[in-house]
Visitor: 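Structure in structure tokens, see below.
A quick note: this is a predicted structure, and the numbers were derived from the prediction, not measured.
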Amino acid sequence: MQLMPATARRFNIRNGYNAQQNIHGGTRYLGYLQQRYSGDLPRMVAAYNAGEGRIKPGGRIPNKAYVSKVMQAYSKFSGKSASAEVSVKQATFKTLEKSAAKRVSHGLPWADLHTGTYQVKAGDTVYEAMRQTGVPVKKLVRLNNLSAPYTIKAGQVLQLN
């Protein structure tokens, strides 16, 4: 699922590349969007794609072509009309939210975004360091004076800010 680092932090996802955590966080995000847009499925889809800040409840939908394609697929695979509203029992959503908060109680990989250091593990690449820290590769290269092909060694400490 599409989980930006800020969204992952908001829903207590430690590792957005872990399939179970990613799907759990994405479904919680969709549940949040359902509440925010009162079950208006096209607005939920638009907000998931364009960002909730760009889609106001009752406002215009800027990404109509994308929303139309998703709604067509939804109709095809669900057997429901594209205008069908989704309903989720609030009690179930709140129970899932509480159990997730208990399971995901450790620090997020992005918790110290752009601050501190990262100790390289065996087999790590600069791209893995980027995934673990949230610091872009170009910034890691610049901060640590790495030269192409950007090889790093186990035990090396990379500066993140």
Visitor: Following the transitive rule for hydrophobic clusters with a side-chain heavy-atom cut-off under 4.5 Å over Ile, Leu, Val, Met, Phe, Trp and Tyr, establish whether Leu140 and Val157 coincide in one cluster.
Guide: no

Visitor: If I compare all heavy atoms of Gln159 with all of Thr117, which pair ends up nearest, and what's the gap?
Guide: NE2-CG2, 3.6 Å

Visitor: Should Ile152 and Val126 count as side-chain neighbours, where that means a heavy-atom distance under 4.5 Å?
Guide: yes

Visitor: Working to the nearest 0.5 angstrom, can you tell me the gap between Asn161 CG and Lys139 NZ?
Guide: 7.0 Å

Visitor: Side-chain contact, heavy-atom cut-off 4.5 Å: Asp124 with Tyr118?
Guide: yes

Visitor: Just list the side-chain donor-acceptor pairs under 3.5 Å for residues 61-69, sequence neighbours left out, or say none.
Guide:
residue : atom : partner : partner atom : Å
Asn63   : ND2  : Ala46   : O            : 3.3
Asn63   : ND2  : Asn49   : OD1          : 2.8

Visitor: Nearest 0.5 Å, please: how far is CG in Leu3 from OH in Tyr29?
Guide: 9.0 Å

Visitor: Between OG1 of Thr27 and OH of Tyr32, what distance do you get to the nearest 0.5 Å?
Guide: 15.5 Å

Visitor: Are the side chain of Gln156 and the backbone of Val120 linked by a donor-acceptor contact shorter than 3.5 Å?
Guide: no

Visitor: Please answer whether the main-chain N or O of Tyr74 pairs with a side-chain N or O of Ser78 as donor and acceptor at a distance below 3.5 Å.
Guide: yes

Visitor: With sequence neighbours excluded, tell me which residues meet salt bridge (charged side-chain N to carboxylate O under 4.0 Å, His left out) with Arg36.
Guide: Glu52

Visitor: Might you point out which heavy atoms bring Ile55 and Arg60 nearest each other, and give the distance in Å?
Guide: CD1-O, 4.5 Å

Visitor: Rounded to the nearest 0.5 Å, what separation is found between the CG atom of Leu33 and the CD atom of Gln35?
Guide: 10.0 Å

Visitor: So, taking the atom named CD1 in Ile23 and the one named CG in Asn18, what distance separates them when rounded to the nearest 0.5 Å?
Guide: 9.0 Å

Visitor: Show the nearest heavy-atom pair for residues Val135 and Met130, with the distance to one decimal.
Guide: O-CG, 3.1 Å

Visitor: With a cut-off of 6.0 Å (strictly less than), are more than 12 heavy atoms of other residues, nucleotides or ligands near CZ of Arg54?
Guide: no

Visitor: Does Asp40 use its side chain to pair, donor to acceptor, with the backbone of Tyr37 at less than 3.5 Å?
Guide: no

Visitor: Any side-chain to backbone donor/acceptor pair from Asn22 onto Tyr17? Under 3.5 Å, distance only.
Guide: no

Visitor: How many angstroms lie between CG in Leu143 and CG in Leu158, if you round to the nearest 0.5 Å?
Guide: 9.5 Å

